[in-house]
Amino acid sequence: MNTFISIQPEPDTRLRQWMNHEQDRFLETHLTSAALQTHCDAHYLFGMPMHWMRDWPNAHGLFIEQASQATLTCVDRHVYADFCLGDTGAMFGHSPQPVAKVLVDSAFQGLTCMLPAKCAAEVGESLSEVFGLPMWQMALSASDANRFVLRWVRAITGRQKILVFDGCYHGAVDETLVDRLDSGEVVDRDSVLGGLHSHAVSTRVVPFNDLEALQAALSDGQVAALLAEPALTNCGLVLPEENYWQQAQALCQRYGTLLIMDETHTVSTALGGWSRLHGVVPDFLVVGKAVAAGLPCAVYGFSEAVAERMRQAKQQSAPGHSGIGTTLSGNMLALAVLGASLSQLHTPSSYEAMQSGADRLASGLRQSILKSGRPWTLTRLGARMELQFMPHSPKNAGDVRAAEQSQLQQLLHLFMLNRGVVITPFHCMMLISPVTTSAQIDHLLSVFDEFLEGLAQLNL
Ligand SMILES: Cc1ncc(COP(=O)(O)O)c(C=O)c1O
């Protein structure tokens, strides 16, 4: 998730009128949601249990009665094909049967006791089998996992600086909430609330797919780690150029910088994530969200060599709080569900189904774009794809910013929502789960064609 800041074209009056019409349609058809919103307004900041839930284009919240497979049913009994899938948390579908069953059964065996559950050894083995790294630690969210890994890398390298890519999002992690200006200067992100320290001094930011910039940022040997997604997924979708990562990793190794791959979203690429598919073995790997089928749980893995450095750092420090870990991390319930998720969802057959659904959706969207003659692109990575209002796939976040059209994007989201299709807010990402049906994909395609026709009729 990332509310990505960009330069916007002037608002278009025709789009605004169309948007107003779609808002009216939403309001007229979601009366129960409207009533719940009024009730929630009295108890929740911005009327939502978590304030970003307000950041959708619809005039008030869309309250969900049930989420099952790749389908959402709202309290007004409208049914939606869900291509957002909880921004990847529900990548394997909502409440997958095998996991729901283990969840129920395990709930009677104990929820948390700050001791390892019996299944811990087996789950550790599954993590290594699925993701390829031998050693693991747990957290409750990907944000937490990233925060903990950043502490570890500083502790084991004795270096303070970290490096991220322009356009990145790694969760609520202070060190990463900085922006790179066109001049190259790094500044604290304006939107961040309550920041105490300036992270612009300790975080370096370089454009993605730029090896020269990467080398320049690493060459003084002060950077503890590069924290990166293998492909940027939070400012649209930006793919790595061929061999980029092999060379980028070689640079990290040359300058003693650890590589942290955050595969929280790119785990949708293939079984075990992008890095496993491409044979890039990072020093640390972070996976959250879908790792335990959307239950609060995240993991970070590391090599044996890194583990040895972590042991030394811990042994050499004073006894007491490490600042790493939380009481509920690795709790009994999360471990049981993680185990079920790894053995029953992170499987070749899940990914085959995801890829084949994604083939169908990508080819349909590409045909529609071609037929419409619009200079738009579909960028795809495994089961994830992004509609981009630009003629070619972007090379970095700067390209994405230059082509951003938020008015059009918001209209597309609401238009789809009003016709039973949910896509990820903030950008135009669509994700396919193993249980997304062909009928749902065809429905999205026909709504997209309707949208293109609407644009043509307005001479837009
Ligand atoms: C790549 C990446 N890492 C980490 C996170 C943080 O995940 P969470 O909000 O579950 O902590 C996100 C959230 O969107 C993400 O996209």
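This is a predicted model, so every value here is computed, not measured. Counting convention: from 1, in listed order, for ligands and their atoms alike.
Annotation for ligand 1: atoms under 4.0 Å from non-hydrogen atoms of T264 are 2 (C), 3 (N). Of all atoms in ligand 1, numbered sequentially from 1 with element shown, those under 4.0 Å from a heavy atom of H265 are 14 (O), 16 (O). Near E229, meaning under 4.0 Å from any of its heavy atoms, are these atoms of ligand 1: 1 (C). Distances below 4.0 Å separate heavy atoms of N234 from the following atoms of ligand 1: 1 (C), 15 (C), 16 (O). Close approach of ligand 1 to G171 is summarised as follows: ligand atoms under 4.0 Å from at least one heavy atom of the residue are 4 (C), 5 (C), 6 (C). For ligand 1, the atoms sitting less than 4.0 Å from at least one non-hydrogen atom of S141 are 11 (O), numbered in the order shown with element in parentheses.
No side-chain N or O of H199 forms a donor-acceptor pair with one of D188 less than 3.5 Å apart. Judged purely by distance below 3.5 Å, without hydrogens or angles, the side chains of T88 and R384 pair a donor atom with an acceptor atom. Counting only N and O atoms by type, the side chains of T266 and T269 include no donor and acceptor under 3.5 Å apart.
Under 4.0 Å from ligand 1, the heavy atoms of N146 that appear belong solely to its side chain.
Not counting sequence neighbours, the partners of T233 by the side-chain hydrogen bond (donor to acceptor under 3.5 Å, both in side chains) test are E229, H265. Partners of E65 by side chain to side chain contact (heavy atoms under 4.5 Å, CB included), not counting sequence neighbours, listed by chain and number: V75, R77.
At under 3.5 Å, not a single nitrogen or oxygen of T233, backbone or side chain, sits near a nitrogen or oxygen of ligand 1. Between K289 and ligand 1, at least one pair of N/O atoms sits closer than 3.5 Å.
The aromatic rings of F448 and W376 sit tilted, their planes meeting at an angle between 30° and 60°.
Closest heavy-atom contact between W274 and E263: N-OE1, 2.8 Å.
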